[in-house]
Each structure stands twice: as C-alpha cells, then as structure tokens.
Visitor: 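Okay, here's the structure, questions in a sec.
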Amino acid sequence: MSIEFLVASAIAVLTAAGIYLALRGRTFPVVLGLAMLSYAINLFLFAIGRLTVNRPPLYEKGVTDYADPLPQALVLTAIVISFAMTALAVVLSLRSFLETGTDQVDGIVEADPPQPDREAAP
Amino acid sequence: MIDALIAAPLLLPAFAGTATLLFRRRRRWIGAAISVGSAAGLVLLAMILMGQAIAGGPTAYALGNWPAPFGIVLVLDRLAALMLLLTAVLGFAVAAHATLTGLDRKGWHFHPLFQFQLLGINGAFLTGDLFNLFVFFEVLLIASYGLMLHGQGAQRLTAGVQYVIVNLIGSTLFLIALGLLYGITGTLNMADMAVRAAALPPADMGLLRAGGLLLVTVFALKAALAPLHLWLPRTYGSTAPAVAALFAIMTKVGAYAIIRTVPLIFGDWVGQLLLPAALVAMLLGFVGLLAARGLRDMAAFGLIGSTATLLVAIAQFDQRAMAAALFYLPHTTLAAALLFLTIDLVIRWRPAEGDSIVPTSAFAGQGRLSLLFLAAAVALAGLPPLSGFIGKLLILQASLTSPYVIAIWALVLGTSLLAVVGMARAGTTVFWKQGSCPPTSKNRTAFRAIEALPAFFLLAMLGVLTVAAGPATAYADATSRQLFDVPAYVRAVLGSDAPGAAR
C-alpha cells in the first residue's frame with residue numbers, strides 16, 4: 001500500500017468524521033467535529049508539497065531535488081489559528097450553556113433540557 | 001519611501017489598538033479619543049492613497065523587501081483605495097457613534113477589538129497574497145467574534161456560537177481551496193498565480209476550477225449569497241446595531257475578494273454559478289425584509305438583499321457591469337450602516353419597546369429619527385434622489401447585454417418594490433401610528449441630540465456620493481478598466497520582465 005493512499009485515506013476519514021460531528025445538534029460534538037476538520041486540513045496542507053522522503057528543505061551541497069518548505073510554514077500558521085479558534089469555540093459554548101441552560105446549537109430547549117447547576121455557576 | 005505609505009493603513013490601527021488597551025479601566029475617554037482619532041487618521045490616509053492610486057497604476061510594496069513572489073506584497077490600486085476609504089469613513093462614523101452612545105462602556109475591550117477589526121479589513125483589501133488574505137480574514141473574524149458578543153446577553157451568545165462555527169467551517173474550506181491552488185500552481189502570490197494558471201496544462205484545469213469554486217464559495221459565505229446567507233440575519237439581528245453597522249462592510253469584504261480574484265486568476269465562467277445565487281439571495285433578502293417583525297431583522301435582510309444586488313452586477317464579469325457595481329458598492333454599504341445606526345437610536349430613544357415594529361406613543365426626537373429612517377429607507381431601496389437610484393440604474397443599464405437580462409430586470413425592480421413596501425410599513429408603524437397607551441413622559445427622556453451626529457454624517461456622505469455622481473462614476477469606470485487589465489497588475493507586482501506581464 002502506497003504512502004499516498006495512507007495519507008489520502010487518513011484525510012478522508014478525518015474529514016468525514018469532522019463533517020458528521022459538525023452537523024450534530026449539540027455544541028460539544030460540533031467542537032470535536034471542528035477539531036477533526038482542522039486536523040484533516042493540517043494533514044492536507046502538509047501533503048500539498050508532494051510526499052517525498054529524505055530530501056533537504058532548503059539547501060544542501062550537491063542536491064538537486066528539494067522538499068517544499070512552504071507547506072510546512074503554512075501548516076504551522078494554520079495549526080496556531082485553528083488551535084486558538086477551537087479554544088474560543090469551547091469557551092463560547094460553555095458560556096452559552098451556562099447562560100441559556102441548553103447546549104443545543106440552535107438554542108431551542110428540548111423537552112427535557114440538561115439544567116446547569118445554578119449554584120456552581122460563576 | 002512614498003511606497004511605504006501603503007503599509008500605513010495596517011500600522012495605524014495596530015498601534016492604536018494596542019494603545020487603547022492601556023486605558024481600559026481609568027481615563028477611558030483617552031482610549032475612546034485614540035480610537036476615534038485613529039479612524040479619522042485612516043480617512044486621511046485613505047484619501048492620500050486614493051490620490052496616489054489615481055495618479056499612477058497599481059503599486060506594490062514588498063514587506064521586508066523580500067521580492068515577489070517569494071515575499072508578501074501589499075498592492076495598492078484604485079479598487080483597494082476605494083475600499084480603504086469606504087472602510088475608514090464607516091469606521092469613523094461607527095467609532096463616534098459607539099463612543100457617543102456609551103456602547104464602548106458596556107464591556108472592557110470595545111476599542112481594541114474595533115481597531116483590530118479595522119486592521120483585518122484594511123489588510124484584506126491591500127494584500128496581494130492569497131495565504132495572507134486568509135490570515136487577514138482570520139484577524140478580522142477574530143475581532144468580529146469579540147465585537148459581535150460585545151455587551152453579551154443569552155440571545156447574543158447563542159447567535160455568537162452559530163456565527164463562530166459557521167465561520168470556522170468557512171476558514172476550513174478556505175484552507176482546502178488554498179491547498180488545492182498551491183498544489184497545482186506552486187505559488188500563493190495572486191499575480192504569480194494568474195500567470196501560472198493561464199499557462200496550466202489542460203489536464204490540471206479541473207483541479208484549478210475546483211479550487212477556484214471552493215474559494216468563491218468561501219467568499220460567497222462572507223457575502224451571504226443564497227444558500228449561504230442563513231447565518232446573517234440571526235447574527236446581525238442579535239448583535240448591537242452599531243456593531244452591525246460596521247459589519248455592513250464585512251459582506252463587502254466577500255464581494256471585494258470575488259472582484260479581486262476571479263477576473264485575475266479564474267476567469268468569468270464563475271459568473272454562471274454566481275449570478276443565479278445572487279438573484280435568489282436578492283429575492284430572499286427583500287422578502288425577508290417584508291416579513292421581519294423587528295427593525296434589526298429588517299435591516300439584516302435588507303443588507304442581504306442589497307449585497308446580492310451588488311453581486312448580480314459583479315457576477316456578470318463585464319467591464320460596464322463592474323463599473324456599475326463599483327459605484328453601487330459604497331452606496332449600499334453606507335446605506336445599510338445608516339439604517340443600523342438609525343435603528344440603534346430608535347432602540348435608545350424609545351426604550352420600552354426595543355426594536356419591535358409596533359405602534360408607540362410619541363417620544364422625544366421622533367421627528368429627527370423619522371427623517372433619518374426615511375433617508376435610510378430611500379437609500380436602501382434605491383429611490384431617487386439618493387445615489388442608490390443611480391447605482392441601480394447603472395446596474396440595469398449594464399445588464400442589457402447579459403443573457404439573463406429579463407430575470408435581472410424583473411428581480412431588481414420587483415425587489416425594489418418589496419423593499420419600499422416593507423420599509424414604508426415599518427416606518428409608518430413606528431413613527432406615525434400612535435399606540436393606545438397614554439404617553440409616558442418618564443421613560444421618554446432618553447433623547448440626546450448629539451447621538452444622532454454620526455448617522456447624519458453618514459447621510460451627508462450619501463449626499464456627497466449623489467452630488468459627486470459624475471466623478472464617482474468616472475472613478476468606477478477607470479477602476480473597472482484597471483481590474484480587467486491583468487498584465488498591468490502582474491507587471492506592478494512581479495516587475496516588467498516577468499513572464500506573462502506582456503500578455
């Protein structure tokens with residue numbers, strides 16, 4: 001089995017799981033889904049410089065084939081941004097749960113809503 | 001040296017935003033003064049840059065002096081200068097409004113967030129690099145999350161969670177599109193990508209189209225085109241109206257990104273998909289305006305409709321239609337912002353009823369507000385005497401050569417009627433019908449005339465745009481010509497000896 005197939009199928013599985021979870025009704029699975037999607041994107045961006053083995057990124061004497069260093073820089077930026085965004089989404093979901101008493105994304109309280117502990121709320 | 005001025009619209013809000021952080025608790029008026037002063041400075045800078053853009057062609061400034069396409073470039077041309085000026089004028093009015101009405105004192109971080117929002121928007125308009133565009137999109141989105149939640153409240157939080165999730169998924173799509181485009185062209189610089197995309201072997205065209213469509217989908221999400229408009233009414237309807245007034249430029253960021261990338265890199269086939277989406281969004285927006293029960297919802301749907309009208313003109317990717325769109329773009333932004341500011345004043349001066357469209361007893365400042373509301377309604381619906389009429393006329397005229405001319409004319413005229421009916425109904429209910437309850441003088445004293453100044457300033461700007469319609473259309477024409485002159489853009493960024501520059 002080739003390395004391309006492994007990476008591609010890993011991206012596909014992560015994306016599928018991410019989309020499924022992002023379409024759920026409650027905030028926790030949605031946040032998990034967003035995290036899965038961002039992992040999939042990081043892998044994808046990493047792979048756009050083509051999958052190569054044992055090649056120097058910038059300069060080495062007597063070498064003509066190089067690995068592409070740019071996707072790695074892009075992945076680094078994307079990781080930082082998606083990490084911060086996931087943290088923000090978690091905090092927002094928590095605040096929204098504490099203020100509205102429901103963790104439904106569309107804010108509609110179900111018949112038996114999970115009540116937050118009023119005593120423990122800040 | 002003078003080229004370095006191109007970076008100033010990024011540096012000024014960045015420093016001002018950091019400086020306002022120092023005055024969060026004590027002497028808050030200094031922070032507010034810095035914020036409003038920075039917005040006024042941006043107006044001045046944008047005017048200087050616009051003069052520069054008129055005098056010469058596109059100018060590129062290489063950040064850190066790394067030559068394109070390896071480093072990141074900022075590109076100033078007529079389109080970027082126009083968008084910068086529009087952002088600065090809008091930012092100035094909204095900063096003044098927020099300070100005068102005390103919105104900035106409802107939380108700790110209004111002014112820093114506001115400045116970083118301006119930084120992100122200006123950066124998106126100036127950058128000549130696709131990944132840098134993504135980064136500036138994130139900057140403006142992160143600031144907008146904070147601004148949107150400013151003042152808090154349960155309803156705002158629920159809407160905020162949705163807004164953040166939708167935009168995170170949008171960012172994901174943006175990255176996929178960037179990955180695809182980099183994978184086939186091997187560059188992220190827009191000018192370089194334009195050259196390489198034109199020289200691609202036919203086997204790679206499918207991937208280029210897929211990447212391009214994904215990118216346009218992300219921009220359409222920002223511009224709230226059908227069927228990607230569902231997030232907007234709830235977000236704009238639950239945030240503070242002054243913040244929503246600033247967000248009127250955010251939908252135009254999506255429109256700008258489409259104008260910038262599509263003629264340069266992908267070509268006009270994108271329009272075949274964009275035009276039906278814009279037509280449907282225009283209809284949905286103005287029908288929603290007619291059906292809205294709150295003033296803020298009404299304004300949000302009006303914003304969807306007017307942005308879609310703009311995209312109907314853009315999606316034809318024709319020089320005359322683009323010129324019409326570029327004249328209509330500042331008008332629709334200012335009109336929507338004026339409507340949101342007016343609604344904020346209605347909510348403040350008529351405290352008991354919130355923003356619901358119900359008959360009320362008389363309140364102080366009603367006459368002034370009804371005048372502002374009338375002007376905003378006239379502007380948003382595109383009636384004479386304000387510039388929206390000229391803009392819509394230009395769009396209709398430019399659409400005569402389009403194969404969809406019947407649909408465009410029918411929908412633009414029909415939705416204008418819907419807008420007139422909807423806004424007239426809301427205006428008469430709020431300002432003319434007297435409620436059955438007796439006038440309660442106690443809670444009707446919220447009126448402060450000075451709070452209406454920024455709204456009148458925006459109205460005056462619309463007046464200027466109407467009176468100066470001649471020079472403005474000439475500017476829009478020249479901008480449109482410059483947009484479709486791809487080799488000039490490539491020459492400006494990559495130098496005159498680049499391959500493809502002489503194309």
Side-chain angles (χ1 to χ4, degrees), chain A residues 11 14-15 18-19 21-24 26-27 29-31 33-50 68 70-71 73-75 77-82 84-109, chain B residues 69-72 120 129-139 141-146 148-149 152-189 192 207 211 214 230-231 234 238:
Chain A
I11 295 172
L14 277 172
T15 312
I19 291 174
L21 286 173
L23 292 174
R24 305 293 290 170
R26 291 172 188 270
T27 46
V30 171
V31 170
L34 291 175
M36 291 263 181
L37 275 179
S38 70
Y39 295 149
I41 299 309
N42 291 342
L43 266 181
F44 175 70
L45 282 184
F46 188 70
I48 57 172
R50 308 294 186 268
D68 191 346
L70 193 64
L74 301 186
V75 170
T77 318
I79 286 176
V80 173
I81 292 178
S82 66
M85 291 289 81
T86 310
L88 179 79
V90 170
V91 172
L92 259 186
S93 317
L94 272 176
R95 275 302 296 276
S96 152
F97 173 61
L98 290 173
E99 290 225 4
T100 60
T102 171
D103 62 348
Q104 295 286 320
V105 174
D106 55 5
I108 297 162
V109 184
Chain B
F70 305 110
I72 291 170
D129 183 280
L130 270 183
F131 197 81
N132 200 228
L133 183 68
F134 166 74
V135 173
F136 277 122
F137 262 64
E138 287 301 307
V139 171
L141 282 176
I142 291 168
S144 79
Y145 300 152
M148 194 254 150
L149 292 165
Q152 303 206 349
Q155 194 205 1
R156 201 167 288 180
L157 266 170
T158 314
V161 171
Q162 295 173 359
Y163 177 61
V164 171
I165 289 171
V166 164
N167 277 302
L168 284 183
I169 292 175
S171 304
T172 310
L173 283 180
F174 201 153
L175 280 175
I176 297 178
L178 282 183
L180 274 176
L181 291 176
Y182 180 80
I184 41 177
T185 59
T187 180
L188 288 165
N189 183 294
D192 198 22
L207 271 177
L214 267 176
L230 293 166
W231 60 274
R234 196 134 184 213
S238 25

Visitor: Side-chain contact test, heavy atoms from C-beta onward, threshold under 4.5 Å: evaluate it for A:Ile81 versus B:Phe134 and give yes or no.
Guide: yes
Visitor: Of the backbone (N, CA, C, O) and the side chain (C-beta and beyond), which part of A:Thr27 lies under 4.5 Å from a heavy atom of chain B, both, or neither?
Guide: side chain
Visitor: So, applying side-chain contact (heavy atoms from CB on, under 4.5 Å) with A:Leu70, which one of B:Tyr182, B:Phe70, B:Phe131 is it?
Guide: B:Tyr182
Visitor: Less than 4.5 Å to any heavy atom of chain B: does that hold for the side chain of A:Leu88, its backbone, both, or neither?
Guide: side chain
Visitor: Given a strict heavy-atom distance threshold of 4.5 Å, which part of B:Leu141 is in contact with chain A: side chain, backbone, both, or neither?
Guide: neither
Visitor: Mind checking whether A:Val30 and B:Val161 have side chains closer than 4.5 Å, heavy atoms only?
Guide: no
Visitor: Among residues at least two apart in sequence or on other chains, which ones pass salt bridge (charged side-chain N to carboxylate O under 4.0 Å, His left out) with A:Arg95?
Guide: A:Glu99
Visitor: Show the numbers, then the answer: is there a side chain to side chain contact (heavy atoms under 4.5 Å, CB included) between B:Ile142 and A:Met85?
Guide: CA-CA 8 Å; B:Ile142 291 168; A:Met85 291 289 81; 3.4 Å; yes
Visitor: Specify the closest pair of heavy atoms between B:Ala154 and A:Thr100, including all atoms of both residues, with the distance to one decimal.
Guide: CB-CG2, 3.6 Å
Visitor: Name the option with the most non-hydrogen atom pairs under 4.5 Å to chain B; the candidates are A:Leu74, A:Leu34, A:Thr86, A:Thr77.
Guide: A:Leu74
Visitor: What are the two closest non-hydrogen atoms of A:Ala22 and B:Ile169, and how far apart are they?
Guide: CB-CD1, 4.2 Å
Visitor: Given A:Leu92 and B:Leu149, is the side chain to side chain contact (heavy atoms under 4.5 Å, CB included) satisfied, shown in steps?
Guide: CA-CA 10 Å; A:Leu92 259 186; B:Leu149 292 165; 3.3 Å; yes
Visitor: Which heavy atom of A:Ile48 sits nearest a heavy atom of B:Gly179, and at what distance?
Guide: CG2-O, 3.3 Å
Visitor: So, for A:Val105 and B:Thr158, which heavy atoms are closest and what is the spacing to 0.1 Å?
Guide: O-CG2, 3.9 Å
Visitor: Which atom pairs, donor and acceptor, lie under 3.5 Å between side-chain atoms of residues 37-46 of chain A and protein residues at least two apart or in another chain?
Guide:
unit_1: A:Ser38; atom_1: OG; unit_2: A:Ala35; atom_2: O; d: 2.8
unit_1: A:Asn42; atom_1: ND2; unit_2: A:Ser38; atom_2: O; d: 3.3

